[in-house]
Amino acid sequence: MTTRDIISWNTVIAGNAQNGLHEDALAMVREMGGAGLKPDIFTLSAILPIFAQYVDVDKGREIHGYVIRYGFDKDLYVASSLINMYSRCARVEDSIRVFKITRQRDTISWNSVIAGCVQNGMFDEGLRLFRQMLKDNVIPGSVSFSSIMPACAHLTTLNLGKQLHGYIMRCGFDDNVFISSSLVDMYAKCGHIRTAGWIFGGIKGRDMVSWTAMIMGCALHGYAEDAISLFEQMKLEGIRPNHVAITAILTACSHAGMIDEGRRYFDRMTEEYGIRPGLEHYAAMADLYSRKGKLNDAYQLISTMTTPTGTIWSLLLSACRVHKNVDLAEKVASKIFEVDPENIGARVLLSNIYANDGRWKEAAKVRMTMRNMGIRKNPACSWIEVKNKIHTFIADDKSHPLHDEINIALCELQEKMELAGYVADTSEVLHDVDDEQKKYLLYGHSERRAIAFGIMSTPAGTTIRVIKNIRICVDCHTAIKLISKIVGREIVVRDNSRFHHFRDGECSCGEYW
DNA sequence: ATAGGGTTAG
């Protein structure tokens, strides 16, 4: 073209930006400047996504400065690009600030800020904004739903997820693959693996993310065989797994103790799928070996990593506790404190390992170090949703309004359990107290209180769904199996890594967890 | 005539 105006420049810049030719797009902006034309709102909203993708907040902020100098900050397009850029760069506060000072808002700018919150783990804030959007009479679009659904998945707020699902169907968005994948994930994470499978089966044009969400769902529920067959089917359909899909299949193997299968996927991932093992893959493998009791194999594997993290060593440390290997535990713990001195979980674990071995002095020393460092552990807690309200239980916390009734219900259950042959397993109670007190401590475990509350506040036959922030202890696992049989209920417990479905005295994990 | 937002993952 002999004469180019701002529109012709912008058209080509956006074309490059949208097709991955980022450097060319940016070079053209400079060239355009050389030709005496200054970037306008179209130019800026076309190039801001580049800095969002490359997580380059310095460049993004430069653009923001330019935006303010030229008074472009009132523009909706520029605002949503800025909101998106800041949240992709993990600066949610900045992105919310841009949103708040933008008076004029539309669905897209709302979506940008909501997605930003959710992607950065601020689920409650995301939900609050979503509700505010509806209150302000802004019509949600399909993107609004696929942005908010992960919040329900992470918070395991099944009822809210279901309500949104209904809303999605009324809008006719249920054929959208982004939304269906997020629904598969939400239902699986909320314990409804069958509903997840049903939605997955109905997706037309499944993509890799849909498959991965379903595979991960199976992994979470311990259905490794299903996960493997889905993974193989996906490949047959010509879909190449990415690093997340591989993480999902390794997690599935790990939760079912399938060492050989897991090892095979891990060994072949680079040549078969062109993906180099990342932290998440090492973590899954370390977990697989650890849970299986192959502590030395886990140690070897982690040692081959260039920079193992505290999190990965911790997987092995918790296996040292289960398999009562104090020597290795000490070695592993020192590795953890080297890279991550603040690691609370590791110190708690180490102290418990000592306690379990009767080494109360060493255990107390670790606790003392923690106190001196001013760190406290998060308390174990369980929660259950009844009538749209989430009830939280912490061991020894008496604040629940039905505290006394729950205690009575637990006593009655305890009697029936003992009649059925239950003997409290106090071996995991790591306090230097006598057996009678140990039994009392077990009995106060948060998941039991949550389950007792669930049984008394729902009609007979209703499935009880409880979520817990740490692993179920051996004794509670035994107790819940019996409870499911005594009260004739299905009890679904999600701990920090997977689901347990208790029914008629059995658990779906088959004692492997 | 040109521009902005989304699903899986320790």
Side-chain angles (χ1 to χ4, degrees), chain A residues 4-15 17-18 25 32 39-49 52 72 75-85 87-88 95 98-99 102 105-116 118-119 121 133 140-151 153-154 173 176-186 188-189 196 199-200 203 206-217 219-220 234 241-251 254 278-284 286-287 309-315 345 496-497:
Chain A
R4 300 158 174 166
D5 64 4
I6 183 90
I7 295 173
S8 24
W9 279 105
N10 283 346
T11 307
V12 186
I13 289 167
Q18 286 164 2
M32 180 177 90
D40 67 358
I41 49 176
F42 288 85
T43 328
L44 299 173
S45 33
I47 60 164
L48 270 167
F72 292 154
D75 183 73
L76 265 177
Y77 287 74
V78 172
S80 14
S81 314
L82 282 170
I83 294 166
N84 184 245
M85 182 276 296
S87 62
R88 282 249 137 85
S95 95
V98 173
F99 176 76
T102 315
R105 294 160 184 175
D106 67 356
T107 302
I108 295 186
S109 51
W110 276 102
N111 290 347
S112 307
V113 72
I114 291 169
V118 175
Q119 287 162 356
M133 173 178 78
S142 60
V143 178
S144 315
F145 291 105
S146 47
S147 304
I148 197 63
M149 197 55 73
H154 284 278
F173 290 147
N176 176 302
V177 67
F178 286 81
I179 292 180
S180 340
S181 303
S182 73
L183 281 171
V184 167
D185 181 57
M186 185 276 292
K189 287 213 171 79
I199 291 172
F200 176 77
I203 302 179
R206 287 166 207 149
D207 61 7
M208 204 251 313
V209 176
S210 327
W211 284 95
T212 304
M214 193 65 230
I215 293 168
M216 200 64 206
L220 214 54
M234 170 177 85
N242 72 350
H243 68 114
V244 185
I246 309 224
T247 308
I249 195 67
L250 293 178
T251 306
S254 160
L279 274 180
E280 63 275 41
H281 307 109
Y282 276 103
D287 195 44
T309 61
T311 316
I312 292 188
W313 282 120
S314 297
L315 295 166
N496 52 350
S497 72

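Values below: all heavy atoms of this structure, side chains included; hydrogens, waters and symmetry mates excluded. Each chain gets a letter, A, B and so on, in the order the sequences are listed, and its residues count up from 1.
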Report which part of the nucleic acid [X] touches: base, sugar-phosphate, or nothing (heavy-atom distance under 4.0 Å, all strands).
X: A:Leu76; value: base
X: A:Thr107; value: base
X: A:Arg105; value: nothing
X: A:Asp5; value: base
X: A:Ser142; value: base
X: A:Asp40; value: nothing
X: A:Val184; value: nothing

Looking at A:Ile83, is its backbone amide N or carbonyl O close enough to the side chain of A:Ser87 to form a donor-acceptor pair, meaning the two atoms are under 3.5 Å apart?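 The answer is yes, because a donor-acceptor pair under 3.5 Å joins these two groups.
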Within the side chain of A:Thr102, is there an N or O that forms a donor-acceptor pair under 3.5 Å with the backbone of A:Val98?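 Yes, A:Thr102 side chain to A:Val98 backbone: donor-acceptor pair under 3.5 Å.
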With [X], which residues qualify under ring pair (Phe, Tyr, Trp, His ring centres under 6.0 Å), at least two apart?
X: A:Trp211; result: A:Phe200
X: A:Phe42; result: none
X: A:His154; result: A:Phe123

Would the base of B:dG4 count as contacting A:Ser45 through its side chain, where contact means a donor and an acceptor less than 3.5 Å apart?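 No such pair is found, so the answer is no.
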For the side chain of A:Asp75 and the base of B:dG4, is some donor closer than 3.5 Å to an acceptor across the two? no
Closest nucleotide among [options] to the [X] side chain:
X: A:Ile7; options: B:dA1, B:dA3, B:dT7; value: B:dA1
X: A:Asn10; options: B:dG6, B:dT2, B:dA3; value: B:dT2
X: A:Ala14; options: B:dG6, B:dA3, B:dG4; value: B:dA3

side-chain contact (heavy atoms from CB on, under 4.5 Å) partners of A:Ala245, counting only residues at least two apart: A:Met208, A:Thr212, A:Phe231, A:Met234, A:Pro241, A:Asn242
Would you kindly give the [atom1]-to-[atom2] distance between [X] and [N], to the nearest whole Å?
X: A:Ile83; N: B:dG6; atom1: CD1; atom2: P; value: 11 Å
X: A:Met32; N: B:dA3; atom1: CE; atom2: P; value: 14 Å
X: A:Ile13; N: B:dG4; atom1: CD1; atom2: C1'; value: 16 Å
X: A:Phe42; N: B:dA1; atom1: CZ; atom2: C1'; value: 9 Å
X: A:Tyr77; N: B:dG4; atom1: OH; atom2: C1'; value: 7 Å
X: A:Leu82; N: B:dA3; atom1: CG; atom2: P; value: 18 Å

Using the side chain to side chain contact (heavy atoms under 4.5 Å, CB included) rule, pick out the option among A:Ile179, A:Leu183, A:Val118 that qualifies with A:Ser146.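 Only match with A:Ser146 under side chain to side chain contact (heavy atoms under 4.5 Å, CB included): A:Ile179.
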Within the pair A:Arg88 and B:dG6, is there a side-chain N or O less than 4.0 Å away from OP1 or OP2?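 Yes, such a contact exists.
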Is A:Gln18 close enough to B:dT2 that one of its side-chain N or O atoms is under 4.0 Å from OP1 or OP2 there?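 Checking B:dT2 against A:Gln18, no side-chain N or O comes under 4.0 Å of OP1 or OP2.
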Which residues share a side chain to side chain donor-acceptor pair (under 3.5 Å) with A:Ser80, sequence neighbours left out: none
Below 3.5 Å is the cut-off: list the nitrogen or oxygen pairs between protein and nucleotides 8-10 of chain B, distance only.
| unit_1 | atom_1 | unit_2 | atom_2 | d |
| --- | --- | --- | --- | --- |
| B:dA9 | OP1 | A:Lys189 | NZ | 2.6 |

